[in-house]
Amino acid sequence: MLRVLCLLRPWRPLRARGCASDGAAGGSEIQVRALAGPDQGITEILMNRPSARNALGNVFVSELLETLAQLREDRQVRVLLFRSGVKGVFCAGADLKEREQMSEAEVGVFVQRLRGLMNDIAFPAPTIAAMDGFALGGGLELALACDLRVAASSAVMGLIETTRGLLPGAGGTQRLPRCLGVALAKELIFTGRRLSGTEAHVLGLVNHAVAQNEEGDAAYQRARALAQEILPQVDIASGMAIEGMCYAQNIPTRDRLEGMAAFREKRTPKFVGK
């Protein structure tokens, strides 16, 4: 269940480094909110481009790249949650109207930026995509770049590029097979098939599928509850530091040397606890 006590800070844009607005940013396509109180450590990225259904345009991608770069330096971020401010849509994928105006060279450069964006979503802290609506093409690639995915059962998702004479260009051909296996991923990419949230859950594409509510944010609510479960865990940076200290204690031991010698000599090690 969701915690009842949760303090919300206002949405804000992250643009120039070291400078952030205190109020809501109506003109920004990417906005950020850090939860407070018992949910401190959960940071939400709000995708808010209603005029284009959160399509991945130049401004959208630039703002998201800058936001991720700044959040990567914030040690207070323990869980990063991606959600949409546009009802019924997570991310509609590439902005094909914008791309149609690009030269071939510009398209190549932009697709490289998209790949870089998806790689940047591989964040030091766990990432969750809350898919309360359509996640098509690049929108699903964005979700695939996250560690965990939660979808409304009525959400629609798919790598539909082949139905537009394109192919997935922002990591979909690599991340979908790793998620579902090669044969099924090929089928979904070749056909451009769209899946409901329920179907995606059955296949293992999303971790949870939930019935949509009247507010249209059921996936977000479940994703936030999942983030709350993750919060008590040690963050990976601290965990790696602890691992390093423990390994340093193991290096001078007789048992470590005995284990390696036994491996080399193909015999059972004789540990003495020293």
Side-chain angles (χ1 to χ4, degrees), residues 11 13-15 25-32 44-71 80-123 127 129-146 149 151-152 155-176 188-189 191-195 200 205 216 219-220:
W11 293 105
L14 290 181
R15 286 190 173 176
S28 298
E29 296 181 5
I30 300 297
Q31 298 169 29
V32 176
E44 299 176 355
I45 289 182
L46 183 80
M47 300 180 292
N48 191 36
R49 191 188 179 197
S51 62
R53 303 178 69 182
N54 287 343
L56 298 165
N58 262 312
V59 173
F60 186 102
V61 170
S62 295
E63 290 187 7
L64 187 48
L65 279 167
E66 179 64 17
T67 295
L68 289 169
Q70 293 190 47
L71 290 177
L80 190 59
L81 194 158
F82 290 80
R83 60 179 296 199
S84 171
V86 183
K87 191 170 184 179
V89 177
F90 177 70
C91 174
D95 188 336
L96 295 183
K97 292 181 180 178
E98 186 177 279
R99 190 172 298 183
E100 191 177 20
Q101 305 304 314
M102 297 179 183
S103 67
E104 291 184 5
E106 288 171 334
V107 170
V109 171
F110 184 71
V111 172
Q112 281 294 111
R113 289 182 68 220
L114 277 181
R115 292 194 187 106
L117 170 62
M118 303 310 170
N119 290 337
D120 282 359
I121 293 173
F123 205 71
T127 52
M131 306 159 71
D132 271 304
F134 285 90
L136 302 174
L140 179 54
E141 288 178 303
L142 193 157
L144 282 167
C146 293
R149 288 162 292 283
V156 177
M157 64 197 74
L159 295 181
I160 63 168
E161 286 88 347
T162 54
T163 67
R164 303 289 189 271
L166 304 168
L167 58 97
T173 64
Q174 302 305 304
R175 292 188 175 94
L176 191 64
L188 294 177
I189 292 172
T191 62
R193 185 178 303 152
R194 302 182 183 209
L195 302 172
L205 180 54
Y220 162 67

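Just so it is clear, the values below take in all heavy atoms, side chains as well, and ignore hydrogens, waters and symmetry mates.
When atom types are taken as modelled, the side chain of S84 and the backbone of V86 share a donor-acceptor pair closer than 3.5 angstrom. Checking side-chain atoms of N54 against main-chain N and O of M47 turns up a donor-acceptor pair under 3.5 Å. Under a 3.5 Å cut-off, the side chain of E106 and the backbone N or O of S103 do form a donor-acceptor pair. The backbone N or O of R49 lies less than 3.5 Å from no partner atom in the side chain of E29, so there is not a single donor-acceptor pair. No donor-acceptor distance shorter than 3.5 angstrom exists from the side chain of E98 to the backbone of G57, with no hydrogens or angles considered. For E44 (side chain) and L80 (main-chain N/O), no donor-acceptor pair under 3.5 Å exists by modelled atom type. Not one N or O on the side chain of R193 forms a donor-acceptor pair closer than 3.5 Å with the backbone of G158.
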| said: side-chain contact (heavy atoms from CB on, under 4.5 Å), that's the test. Do L136 and L159 meet it? Break it down for me. | reply: CA-CA 6 Å; L136 302 174; L159 295 181; over 6 Å; no
Just do the side-chain contact (heavy atoms from CB on, under 4.5 Å) check on M131 and L140 with the steps written out, would you? CA-CA 9 Å; M131 306 159 71; L140 179 54; 4.1 Å; yes
request  = For side-chain contact (heavy atoms from CB on, under 4.5 Å), just list the numbers for L68 and L117, CA-CA rounded to whole Å, side-chain angles, deciding distance to a tenth of an Å, and then say yes or no.
outcome  = CA-CA 9 Å; L68 289 169; L117 170 62; 3.7 Å; yes
*Would you sort out whether R99 and V111 count as a side-chain contact (heavy atoms from CB on, under 4.5 Å), showing the intermediate values?*
CA-CA 10 Å; R99 190 172 298 183; V111 172; 4.2 Å; yes
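No side-chain heavy atom of D95 sits under 4.5 Å from any side-chain heavy atom of L56. With contacts defined as side-chain heavy-atom distances shorter than 4.5 Å, the pair I121/L142 qualifies. Using a 4.5 Å heavy-atom cutoff, the side chains of I45 and L81 are not in contact. Inter-residue side-chain proximity for E63 and Q31 is flagged as unmet; no heavy-atom pair is nearer than 4.5 Å. Between L46 and F82, the closest side-chain pair of non-hydrogen atoms is not below 4.5 Å. The shortest distance between side-chain heavy atoms of R115 and M118 does not fall below 4.5 Å. A heavy-atom distance below 4.5 Å is not found between the side chains of F134 and M157.
Taking both residues in full, the closest heavy atoms of S62 and R113 are given as OG-NH2, 2.7 Å, listed atom of the first, atom of the second, then distance. Heavy-atom minimum distance, R149 versus L205: NE-O, 2.8 Å. The minimum heavy-atom distance linking A155 with G133 is given by the pair CB-O, 3.5 Å. A92 approaches A52 most closely through the heavy-atom pair CB-O, 4.5 Å. Residues C91 and V89 approach most closely at N-CG1, 3.7 Å, considering heavy atoms. The heavy-atom pair separating G139 from F90 by the smallest distance is O-CE2, 3.6 Å.
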Hey, can you pull the donor-acceptor pairs under 3.5 Å for the side chains in residues 160-169, sequence neighbours left out?
residue: T162; atom: OG1; partner: I189; partner atom: O; Å: 3.0
residue: T163; atom: OG1; partner: I160; partner atom: O; Å: 2.6

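Salt bridge absent: D132 and K87 never bring a charged side-chain N and a carboxylate O closer than 4.0 Å.
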